[in-house]
Protein chains: 2
Amino acid sequence: MLSHKTKYALKALLFLAEKDTGYIARTMEIADGASIPKKFLEQILLDLKRAHFVGSKQGKFGGYYLIKSKNDITLADIHRLFDGAIALLPCASLNFYEPCSDCVSETECALRHGLVAIREETLKAMQGITIASLIKK
Amino acid sequence: MLSHKTKYALKALLFLAEKDTGYIARTMEIADGASIPKKFLEQILLDLKRAHFVGSKQGKFGGYYLIKSKNDITLADIHRLFDGAIALLPCASLNFYEPCSDCVSETECALRHGLVAIREETLKAMQGITIASLIKK
DNA sequence: ATTAATTCTATAAAAATAGTAGAATTTAAA
DNA sequence: TTTAAATTCTACTATTTTTATAGAATTAAT
């Protein structure tokens with residue numbers, strides 16, 4: 001399941017993607033438009049900025065705007081940024097790999113092989129969902 | 001990500017599935033064999049019993065055994081039992097559907113359509129992973 | 001200067017997760 | 001009939017994660 005943070009991030013990105021290029025949206029505007037608690041959204045937008053999905057303009061008349069193409073922002077990207085691994089266990093993850101503490105032999109682990117297969121399929125599907133593709137429907 | 005509970009359940013089922021039919025495994029035996037905290041495993045086995053994946057024999061020389069074919073126990077089943085919905089949001093779930101509290105119009109929600117597509121793909125993949133298929137590799 | 005915005009750090013409340021404790025019950029066998 | 005060894009059941013607890021909120025500092029336009 002997605003955390004609220006990931007859901008809110010996606011909603012905020014969808015909001016920004018529907019504005020004209022050059023338009024700068026205040027946090028308050030996004031919060032109202034996408035039904036997100038404003039103070040929570042502040043943190044999320046900062047994270048999206050640090051990860052270079054959005055840019056910001058400070059001071060009066062400042063706000064946020066997309067800097068990455070809506071075709072290049074995928075569900076997988078946002079999931080990884082806020083919720084971490086796509087895989088069902090860290091030992092089956094590409095970007096968040098960690099061995100299991102209770103694992104005797106990873107190469108012989110019956111579970112891991114199946115979870116790697118799942119991760120490959122889920123990742124492909126999640127990389128196919130972009131902010132642009134979500135808007136189109 | 002899978003909770004420890006789901007991971008332990010899968011490991012316990014794999015342990016049971018590799019025993020001969022008729023064999024009854026004590027909780028302690030499964031805990032040791034699959035590196036699972038014994039008291040935690042007790043709860044998990046009870047849940048698996050209530051969901052009719054395993055049977056139990058009480059009293060001395062009692063224990064647990066599979067009652068469902070290892071070909072008919074899928075990753076999707078165990079995920080749903082312990083971790084709930086396969087879908088990324090409740091509004092995109094088949095078995096755990098709930099509307100979003102912050103949703104204005106579900107049919108117009110850009111996010112939901114994408115998440116339903118992801119759920120369909122993930123579910124198909126997870127239904128393809130069975131206890132039997134995990135053992136084979 | 002004033003206003004209105006982002007930015008930053010810290011804190012807090014609530015929920016979920018992971019695990020433990022201990023008594024009650026059941027069954028087999030001595 | 002007693003004992004031993006197992007499941008079953010209820011409750012509790014500690015930790016971590018999630019979901020925010022508070023408030024001061026900084027930035028920039030007017």
Side-chain angles (χ1 to χ4, degrees), chain A residues 1-12 16 23-32 34-65 67 79 81-85 88-90 96 98 100-102, chain B residues 1-12 16 23-32 34-65 67 79 81-85 88-90 96 98 100-102:
Chain A
M1 297 276 283
L2 299 183
S3 66
H4 283 201
K5 219 166 186 175
T6 298
K7 181 174 83 168
Y8 291 158
L10 291 165
K11 287 174 74 173
L16 291 177
Y23 185 84
I24 292 178
R26 281 167 299 127
T27 303
M28 195 60 192
E29 196 181 340
I30 307 172
D32 285 351
S35 304
I36 304 169
K38 194 219 169 193
K39 279 301 226 176
F40 200 16
L41 178 59
E42 280 182 14
Q43 293 183 345
I44 293 165
L45 288 168
L46 270 176
D47 286 337
L48 286 171
K49 189 199 166 191
R50 295 192 184 108
H52 305 104
F53 291 103
V54 304
S56 74
K57 183 171 182 301
Q58 282 191 320
K60 200 171 182 179
F61 303 118
Y64 292 92
Y65 49 91
I67 55 170
H79 188 285
L81 181 59
F82 293 102
D83 283 347
L88 290 173
L89 284 183
F96 297 85
E98 266 186 68
C100 288
S101 60
D102 57 323
Chain B
M1 297 274 284
L2 300 184
S3 65
H4 282 200
K5 221 167 183 171
T6 298
K7 181 175 83 169
Y8 292 158
L10 290 166
K11 287 174 73 174
L16 291 178
Y23 185 83
I24 292 178
R26 281 167 300 129
T27 303
M28 194 60 192
E29 194 182 340
I30 306 172
D32 285 350
S35 305
I36 304 168
K38 194 218 166 195
K39 278 301 230 177
F40 200 15
L41 179 59
E42 279 181 15
Q43 292 184 346
I44 293 165
L45 288 168
L46 270 176
D47 286 338
L48 286 171
K49 188 200 165 189
R50 294 193 184 107
H52 305 104
F53 291 103
V54 303
S56 74
K57 183 171 184 298
Q58 282 191 321
K60 197 169 183 180
F61 302 118
Y64 291 93
Y65 48 90
I67 56 170
H79 187 286
L81 181 59
F82 293 101
D83 283 347
L88 290 173
L89 285 182
F96 297 85
E98 267 186 68
C100 288
S101 61
D102 59 322

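Throughout, protein chains are lettered first and strands after them, A, B, ... in sequence-line order, and every chain is numbered starting at 1.
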*Asks:* Tell me which donor-acceptor pairs under 3.5 Å the side chains of residues 37-45 of chain A have, and how far apart each pair is, sequence neighbours excluded?
*Replies:*
none

*Asks:* Report the end-to-end axis angle of the helix from C:dA1-D:dT30 to C:dA30-D:dT1; each axis comes from five terminal pairs, and the value is rounded to 10°.
*Replies:*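 It comes to 0° between the two terminal axes.
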
*Asks:* Tell me every residue that passes ring-ring contact (aromatic ring centres under 6.0 Å, His included) with B:His4, counting only those two or more places apart in sequence or in another chain.
*Replies:*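 B:Tyr8.
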
*Asks:* Look at the side-chain N and O atoms of A:Ser3 and state whether any lies under 4.0 Å from the OP1 or OP2 oxygen of D:dT17.
*Replies:*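 No, A:Ser3 has no side-chain N/O under 4.0 Å of OP1/OP2 on D:dT17.
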
*Asks:* Rounded to the nearest angstrom, tell me the gap between atom NZ in B:Lys5 and atom P in C:dG19.
*Replies:*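 Checked: the NZ to P distance equals 11 Å.
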
*Asks:* Find which nucleotide of DNA chain D each of A:His4 and B:Gly59 is nearest to by heavy atoms, and output the residue with the more 5' nucleotide.
*Replies:*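 It is B:Gly59, whose closest nucleotide lies nearer the 5' terminus.
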
*Asks:* Could you check how far CE of B:Met28 sits from C1' of D:dT7, rounded to whole Å?
*Replies:*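 Spelled out: CE on B:Met28 to C1' on D:dT7 is 15 Å.
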
*Asks:* Given D:dA6, is OP1 or OP2 found less than 4.0 Å from the side-chain N or O atoms of B:Tyr64?
*Replies:*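 Checking D:dA6 against B:Tyr64, no side-chain N or O comes under 4.0 Å of OP1 or OP2.
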
*Asks:* Using residues 52-63 of chain A as the side-chain source, report each donor-acceptor pair under 3.5 Å to any protein atom, sequence neighbours left out, with the distance given to one decimal.
*Replies:*
residue: A:His52; atom: ND1; partner: A:Arg50; partner atom: O; Å: 3.4
residue: A:Ser56; atom: OG; partner: A:Lys49; partner atom: NZ; Å: 3.4

*Asks:* In whole Å, what is the span from the NZ atom of A:Lys38 to the P atom of D:dA22?
*Replies:*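 For the pair A:Lys38 NZ and D:dA22 P, the rounded distance is 12 Å.
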
*Asks:* Would you mind reading off the distance between A:Leu81 atom CG and D:dT18 atom P, rounded to a whole angstrom?
*Replies:*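 Value for this atom pair: 13 Å.
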
*Asks:* Judged by each residue's nearest nucleotide on DNA chain C, which is more toward the 5′ side, B:Lys60 or B:Phe40?
*Replies:*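 It is B:Phe40, whose closest nucleotide lies nearer the 5' terminus.
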
*Asks:* Which comes earlier along DNA chain C counting from the 5' end, the contact point of B:Pro37 or that of B:Phe82, where each point is its nearest nucleotide?
*Replies:*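 The answer here is B:Phe82.
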
*Asks:* Mind checking side chain to side chain contact (heavy atoms under 4.5 Å, CB included) for B:Ala85 and listing every partner two or more places apart, or none if nothing turns up?
*Replies:*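 Only A:Met1, B:Ser93, B:Phe96 meet the side chain to side chain contact (heavy atoms under 4.5 Å, CB included) criterion with B:Ala85.
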
*Asks:* Set out, line by line, the N/O atom pairs under 3.5 Å between protein and nucleotides 9-16 of chain C.
*Replies:*
residue: C:dA10; atom: N6; partner: A:Gln43; partner atom: NE2; Å: 3.4

*Asks:* Listed by chain and number, what are the side chain to side chain donor-acceptor pair (under 3.5 Å) partners of B:Ser35, not counting sequence neighbours?
*Replies:*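 B:Ser35 satisfies side chain to side chain donor-acceptor pair (under 3.5 Å) with no residue once adjacent residues are dropped.
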
*Asks:* Rounded to whole angstrom units, what separation is found between the CG atom of B:Asp47 and the P atom of D:dT8?
*Replies:*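 Taking atom P of D:dT8 as the reference, CG of B:Asp47 is at 11 Å.
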
*Asks:* Measure the distance from NZ on A:Lys11 to C1' on D:dT19 and round it to the nearest whole Å.
*Replies:*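 Distance, rounded to whole Å: 15 Å.
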
*Asks:* Residues two or more places apart in sequence or in another chain: which of them pass side chain to side chain donor-acceptor pair (under 3.5 Å) with B:Thr27?
*Replies:*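 Checked B:Thr27 against side chain to side chain donor-acceptor pair (under 3.5 Å); zero matches.
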
*Asks:* Using whole Å, report how far CG of B:Asp102 lies from C1' of D:dA20.
*Replies:*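 Going from CG in B:Asp102 over to C1' in D:dA20 covers 14 Å.
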
*Asks:* Measuring from B:Leu88:CG to A:His79:NE2, what's the distance to the nearest 0.5 Å?
*Replies:*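 The distance works out to 6.0 Å.
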
*Asks:* Figure out the NZ/P separation between A:Lys57 and C:dT6, and round it to whole Å.
*Replies:*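 Answer to the nearest Å: 11 Å.
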
*Asks:* Which nucleotide wins on minimum distance to the side chain of B:Phe61, given the candidates C:dA4, C:dA28, C:dT7?
*Replies:*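 In terms of side-chain proximity for B:Phe61, the closest of C:dA4, C:dA28, C:dT7 is C:dA28.
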
*Asks:* Excluding sequence neighbours, so at least two apart, what forms side chain to side chain donor-acceptor pair (under 3.5 Å) with A:Tyr65?
*Replies:*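 A:Tyr65: no side chain to side chain donor-acceptor pair (under 3.5 Å) contacts found.
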
*Asks:* Are any of A:Thr27's side-chain N or O atoms less than 4.0 Å away from OP1 or OP2 of C:dT6?
*Replies:*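 Yes, A:Thr27 has a side-chain N/O under 4.0 Å of OP1/OP2 on C:dT6.
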
*Asks:* Return the polar atom pairs (N/O with N/O) between nucleotides 22-25 of chain C and the protein under 3.5 Å, or none.
*Replies:*
residue: C:dG22; atom: N7; partner: B:Lys39; partner atom: NZ; Å: 3.2
residue: C:dG22; atom: O6; partner: B:Lys39; partner atom: NZ; Å: 2.5

*Asks:* According to side chain to side chain contact (heavy atoms under 4.5 Å, CB included), who are the partners of B:Ala34, at least two apart in sequence or on a separate chain?
*Replies:*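 Only B:Lys11, B:Ile36 meet the side chain to side chain contact (heavy atoms under 4.5 Å, CB included) criterion with B:Ala34.
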
*Asks:* Which heavy atom of B:Phe82 sits nearest a heavy atom of B:Thr6, and at what distance?
*Replies:*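 Looks like CB-OG1, 3.2 Å.
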
